[in-house]
Chemist: 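Take a look at this one; I'll ask things after.
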Amino acid sequence: MSEELEAYADHLRLERGLAERTVSAYRGDVAAYLAFARESGEDPHDRATVRAWLASLRERGLAASTVARKLASLRGWFRYLVSSGEREADPTEAIDAPRLGRRLPEVLSLEEVERVIDAVDVSKRLGLRDRAMIEFLYATGVRISELIAVRLDQCDWEERIVRLVPGVREVRRRDTGRVETEPIGPKGERTRIVPMGRRAVEACVEYVEEERAFLKRGGSRSVLFLNHHGRPLSRGGAWKIVRGHVREAGIPRKVTPHTFRHTFATHLLDRGADLRVVQEMLGHADISTTQIYTHVDAPYLRAEHRKFHPRA
């Protein structure tokens with residue numbers, strides 16, 4: 001079975017073009033299911049075994065979205081076996097995914113954003129970089145993968161815009177040690193131009209002129225945000241920086257770089273920005289993805305309605 005699983009992983013990489021992180025998640029889900037079937041002494045190709053596994057996941061308290069993702073991994077596995085002629089039937093075919101509630105994204109208030117920015121001590125080493133990073137995140141709403149890949153030549157400080165270009169990055173596979181490339185951002189994404197505010201531009205220019213010049217090395221390839229070794233900042237490094245300054249700001253909630261993307265969109269829409277303009281800046285292919293941000297203030301709207309409507 002391990003050989004089949006590795007062949008499936010290769011299929012996901014080579015034929016479906018999935019990123020290594022996604023391949024690892026799919027492979028892990030399928031391996032967990034096969035281990036469950038083996039330990040329970042059940043046939044892994046039986047629909048009842050699939051249902052029992054899903055029930056065990058729910059009993060463990062996993063969120064419906066997590067259970068749905070694991071079921072999707074299993075569907076892909078069995079469809080692969082059927083298409084390759086290994087099996088005749090897909091036991092997941094008649095199993096419905098759990099219903100998912102519409103979860104509103106976590107956002108920061110403007111006061112909280114300013115607290116995080118003010119928490120950065122620019123007198124310390126890399127303080128200018130950290131402040132520029134957080135200003136950049138909030139000003140542009142970029143994804144973490146875009147933040148760590150953006151280059152100096154994509155930024156026009158005078159026009160106050162950044163040109164985000166889909167690309168690839170190098171990753172080293174843990175199992176083989178080989179260096180491979182994976183796409184940055186969603187498939188099919190196109191180049192987009194996103195404006196930057198004055199404060200973000202000022203913070204970035206100060207970082208570039210006074211700090212980045214002393215960090216860059218030959219391998220930096222003009223990437224904007226560098227680590228203390230002068231190399232491009234990693235995803236994990238960016239997360240650590242943001243979380244550290246959020247803690248320093250005294251905000252107890254979980255805040256990630258993606259929280260600033262949610263906050264960027266919510267604050268624009270709250271202040272009257274056009275939904276399709278925000279969709280373009282976020283790089284969403286489908287406007288329904290952007291529409292979730294229009295519901296963030298629903299509790300506030302209901303409260304105002306109850307307070308002021310004569311028949312509430």
Side-chain angles (χ1 to χ4, degrees), residues 61 63 65-66 101-148 150 160 162 194-212 215 224-229 232-273 278 281-282 292-304 307:
S65 58
T66 303
R102 191 174 179 84
R103 187 177 64 179
L104 297 179
E106 185 76 25
V107 298
L108 297 169
S109 67
L110 177 58
E111 186 267 339
E112 288 175 323
V113 172
E114 291 175 342
R115 277 168 55 191
V116 176
I117 294 171
D118 291 342
V120 181
D121 186 349
V122 295
S123 67
K124 292 183 177 180
R125 187 170 185 264
L126 301 180
L128 291 177
R129 180 206 61 186
D130 293 1
R131 183 183 62 178
M133 270 183 53
I134 295 171
E135 288 274 19
F136 191 91
L137 281 169
Y138 178 57
T140 62
V142 294
R143 301 176 179 92
I144 183 65
S145 57
E146 294 169 330
L147 174 79
I148 62 177
V150 69
R160 298 202 310 220
V162 57
V194 181
M196 287 184 285
R198 174 181 53 82
R199 292 183 182 180
V201 169
E202 289 175 352
C204 287
V205 169
E206 187 175 5
Y207 152 67
V208 169
E209 292 180 350
E210 297 188 22
E211 197 167 64
R212 187 187 178 280
L215 291 173
L224 176 58
F225 294 109
L226 304 177
N227 63 20
H228 63 285
H229 293 299
L233 198 64
S234 68
R235 178 188 294 262
W239 274 62
K240 185 176 180 181
I241 290 166
V242 171
R243 284 199 299 260
H245 293 303
V246 168
R247 283 195 299 269
E248 291 167 2
I251 298 173
R253 293 180 288 124
K254 180 182 179 182
V255 176
T256 70
H258 213 70
T259 306
F260 284 88
R261 179 170 167 84
H262 296 321
T263 302
F264 162 84
T266 302
H267 288 187
L268 283 175
L269 291 169
D270 282 353
R271 286 156 178 77
V278 176
M281 287 191 283
L282 290 173
I292 189 172
Y293 297 109
T294 65
H295 302 294
V296 169
D297 279 341
Y300 168 76
L301 294 176
R302 286 195 295 269
E304 291 295 287
K307 183 177 179 181

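The structure presented is a predicted model; accordingly, all values stated were derived computationally and were not measured.
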Chemist: Rounded to the nearest 0.5 Å, how far does CD1 of I117 lie from CE of M133?
Modeler: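 M133 atom CE to I117 atom CD1 measures 12.0 Å (nearest 0.5 Å).
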Chemist: Quick one: pull up CG in N227 and CD1 in I148 and give me the separation to the nearest 0.5 Å.
Modeler: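 Answer for the CG-CD1 pair, N227 versus I148, is 11.0 Å.
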Chemist: Where do G197 and A139 come nearest, in terms of heavy atoms and distance?
Modeler: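 For G197 and A139, the tightest heavy-atom pair comes out as N-CB, 4.1 Å.
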Chemist: Would you confirm whether T263, through its side chain, and L108, through its main-chain N or O, come within 3.5 Å as a donor-acceptor pair?
Modeler: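 Checking the backbone N and O of L108 against the side chain of T263, a donor-acceptor pair under 3.5 Å is found.
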Chemist: If only atom types and distance count, is the side chain of R129 paired as donor or acceptor with the main-chain N or O of L226 below 3.5 Å?
Modeler: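 Yes; judged by distance alone, with no hydrogens or angles, the pair exists.
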Chemist: Keeping the roles fixed (side chain from Y207, backbone from L224), state whether a donor-acceptor pair exists under 3.5 Å.
Modeler: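 Looks like yes, one N/O pair under 3.5 Å.
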Chemist: Which donor-acceptor pairs under 3.5 Å do side chains of residues 241-258 form with protein atoms, sequence neighbours excluded?
Modeler:
from: H245; atom 1: ND1; to: E248; atom 2: OE1; distance (Å): 2.9
from: H245; atom 1: NE2; to: D130; atom 2: OD2; distance (Å): 2.8
from: R253; atom 1: NH1; to: E106; atom 2: OE2; distance (Å): 2.3
from: R253; atom 1: NH1; to: V107; atom 2: O; distance (Å): 3.3
from: R253; atom 1: NH2; to: E112; atom 2: OE1; distance (Å): 2.6
from: R253; atom 1: NH2; to: E112; atom 2: OE2; distance (Å): 2.7
from: T256; atom 1: OG1; to: H258; atom 2: N; distance (Å): 3.2
from: T256; atom 1: OG1; to: T259; atom 2: N; distance (Å): 3.4
from: T256; atom 1: OG1; to: T259; atom 2: OG1; distance (Å): 3.4

Chemist: Considering only heavy atoms from C-beta outward, does the side chain of F264 approach that of L268 to under 4.5 Å?
Modeler: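 The answer is yes, as the side chains (C-beta and beyond) meet within the 4.5 Å cut-off.
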Chemist: Side chains of I144 and F260: closer than 4.5 Å at any heavy-atom pair?
Modeler: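 No, every pair of side-chain atoms sits at 4.5 Å or beyond.
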Chemist: What's the spacing between R261 CZ and T140 OG1 if we round to 0.5 Å?
Modeler: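 These two atoms lie 9.0 Å from each other.
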Chemist: Taking R131 for the side chain and G127 for the main chain, is one N or O donor matched with an acceptor at less than 3.5 Å?
Modeler: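 Judged by distance alone, no pair lies under 3.5 Å.
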Chemist: Can you list every pair that meets salt bridge (charged side-chain N to carboxylate O under 4.0 Å, His left out) and has a residue in residues 113-125, with sequence neighbours left out?
Modeler: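 Sorted result for residues 113-125: E111-R115.
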Chemist: Can you measure from CG (L110) to NE2 (H267) and round to the nearest 0.5 angstrom?
Modeler: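 If we round to the nearest 0.5 Å, L110:CG and H267:NE2 are 6.0 Å apart.
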Chemist: Run L215 and L126 through side chain to side chain contact (heavy atoms under 4.5 Å, CB included) and show every step you take.
Modeler: CA-CA 9 Å; L215 291 173; L126 301 180; 3.6 Å; yes
Chemist: Assess the residue pair V142 and V194 against the criterion (side chain to side chain contact (heavy atoms under 4.5 Å, CB included)); give the C-alpha distance rounded to whole Å, side-chain angles, the decisive distance to 0.1 Å, and a yes or no.
Modeler: CA-CA 9 Å; V142 294; V194 181; 5.7 Å; no
Chemist: With a 4.5 Å heavy-atom cut-off, do E135 and C204 have their side chains touching?
Modeler: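 A side-chain contact under 4.5 Å is absent here.
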